[in-house]
Structure formats: C-alpha cells, structure tokens
Amino acid sequence: MKRRFDPAEPELMDRPQSVSAELERDLENLRQLNRYFGSYAVVLRFIRRWIEPGDQLRIVDLATGSGDIPRLIIDHARKIGAKVEIHALDQQAATLEIARKLSVDYPEISFVGANILEWNPVDRYDIVLNSLALHHFTEEDAVRLLRHCHELSRKFVLISDLRRGFLATVGVYLLTAVIFREPMTRIDGRLSAARAFSFAEIHDLARRAGWKDFGQRKFRFARQAIWLDKIDD
C-alpha cells in the first residue's frame, strides 16, 4: 500500500479559515480520537519518563492543534510537582484561537502562530514534541521537520504519528462512517490514513534527517513513534 500524498490537496483543517462550529467540532473529534485511540498514551509513556518531580523544563509542541497535548503534559507535571513552560506552535490562526480558549486555566502555555519549518527561536528546549502531524508534510519537508526538531532540542525529542497500513485504513474508514461522521473529520481522517508513513518509511526519514541512536516503536491503534534521548550526553 503506497503512500498517497498530493500537496495541492491540503486537509480541510489546514486550509485558511475563520473559527467556525465545524472547525470546533472537528478539533473536539480529534481530541476524542487522541484520548481513546492511543495518542495520549504514547505521549504520556515518554513524558512520565522524561519529567521528574522538582524538574523545571522548557517544552515546545510543534503543530499543537487545539493544545490538548500541552494541557495533558501540564496536568501530569502539576501532579508530580514539576514546573514546565510550554510553547505551543501552529500556523492556523483559527485553530490557535480555539486552543487559547480551551487553555485559559493553563498559564504555563504560550501559543505561537508560526510555520514550524521556518521558526527559529533563540534558545533550545528540553523536550521537543510533534504529535500526529508528520503525515501532513511531503517526504522532503518531513525530513526537514525531523532535522529541525533535533536542532531545537537539548535533551529529548518525540515524534508520534499514524502508521500506514490496511488496519489503519479500515479502522479510520469505519470510525468516520459510524461515529465521527462530520464532513471535515471524515474527509481529513481518511486522507490522513492514506498520507501516513509506514514504519520503515519513518525510520528512513529519521536517518536522512541525521538522527542517530534513535528509538522506534509501533503502538496500538496504528500509532508509531520515534524518539531521541539525552541529545547532549
């Protein structure tokens, strides 16, 4: 099953738009999918290992969407007595507006509107995250993104995404036919399944980006992750 990606056909949520009930509902659907189909579990698996009680860390979440991953991390950090500062980036102004409203009780988050491939902050971060966004990029830009994530971090990097395959395609089709039937979620969900990288492809992308000694693993519900530990060691 080959990857199908047409840069001339961006997902609906990636197109310029204003805040709408449709966009808000789509982002709510994505949060439910993240919660119940493995994305939160993948992120927490690493965050629980990388953030310890008493830590003070700077984190960046690239392509943050509605900011659910930063809120998840802050909930964990508060629980264990760690302090985190999170910069949450997205290039969609409408999506960031919704994220800010959802995050009013999370002053630890600063939202930034930026193209993540072009964004160059002065200081590096302890943890760099990118969740469920790699499949939105061409192969060449995916390599650029992985290289940029490495450059932005002084300790840890986690890239998690869908894993292309028959089960992912069928699963997404059924979910968007029976439960998440709104047009934006249905169209984008099916496009995402077709655009996701395979396990072997994401390994090759990391190699091309100059990653060395990185971890890689498959997770349930057609999820996968690659990561870097303790970059400066």
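Just so you know, these numbers come straight off a predicted model, no measurement behind them.
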Minimum heavy-atom separation for [X] and [Y], please, with both atom names.
X      : Y      : value
Ala63  : Asp90  : C-OD2, 3.6 Å
Leu158 : Val43  : CD2-CA, 4.1 Å
Leu134 : Ile202 : CD2-CD1, 3.7 Å
His148 : Asn120 : CE1-OD1, 3.3 Å
Ile74  : Ile109 : CD1-CG1, 3.2 Å
Ser18  : Ala94  : C-CB, 3.7 Å

Determine yes or no for a side-chain-to-main-chain donor-acceptor pair under 3.5 angstrom, with [X] supplying the side chain and [Y] the backbone.
X     : Y     : result
Gln17 : Arg15 : yes
Asp6  : Ala8  : yes
Gln92 : Met13 : yes

Identify whether the distance between the nearest side-chain nitrogen and carboxylate oxygen of Arg154 and Asp126 falls below 4.0 Å.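 Asp126 and Arg154: salt-bridged.
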
Regarding Arg78 and Glu108, does a basic nitrogen lie under 4.0 Å from an acidic carboxylate oxygen? yes

Heavy-atom check, side chain of [X] versus side chain of [Y], under 4.5 Å:
X      : Y      : answer
Met184 : Leu23  : yes
Asp68  : Leu102 : no
Val60  : Ile127 : no

Do [X] and [Y] have a side chain donor and acceptor closer than 3.5 Å?
X      : Y      : result
Trp50  : Asp229 : yes
Arg124 : Ser153 : no
Thr185 : Asp26  : yes
Ser103 : Arg71  : yes
Ser160 : Arg223 : no
Glu182 : Asn29  : yes

Tell me, yes or no, whether the heavy-atom count around [X] atom [atom1], taken from other residues, nucleotides or ligands under 6.0 Å, exceeds 12.
X      : atom1 : result
Arg181 : CZ    : no
Arg45  : CZ    : no
Arg4   : CZ    : no

Can the ring centres of Phe46 and Trp227 be said to be less than 6.0 Å apart? yes

Strictly under 6.0 Å, is that where the ring centroids of Phe111 and His87 end up? no

Between [X] and [Y], is there a shared hydrophobic cluster once you connect ILVMFWY residues whose side-chain heavy atoms come closer than 4.5 Å?
X      : Y      : value
Tyr106 : Leu44  : yes
Ile51  : Val157 : no
Leu33  : Leu167 : no

Return the set of residues passing side chain to side chain contact (heavy atoms under 4.5 Å, CB included) with Leu117 (not counting sequence neighbours), or none when no residue passes. Asn115, Phe137, Asp141, Arg144, Leu145

Listing request: all salt bridge (charged side-chain N to carboxylate O under 4.0 Å, His left out) pairs with a residue in residues 185-203, at least two apart in sequence or in separate chains.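 Listed by first then second residue: Arg164-Glu201.
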
Any chance you could lay out the salt bridge (charged side-chain N to carboxylate O under 4.0 Å, His left out) test for Arg25 and Glu22, step after step, and finish with the verdict? CA-CA 5 Å; Arg25 180 58 180 164; Glu22 182 181 23; over 6 Å; no

Using distance only, find each side-chain donor-acceptor pair of residues 205-220 under 3.5 Å and give its atom names and separation, not counting sequence neighbours.
residue, atom, partner, partner atom, Å
Arg208, NH1, Glu139, OE2, 2.5
Trp211, NE1, Leu146, O, 2.9
Gln216, NE2, Phe199, O, 2.7

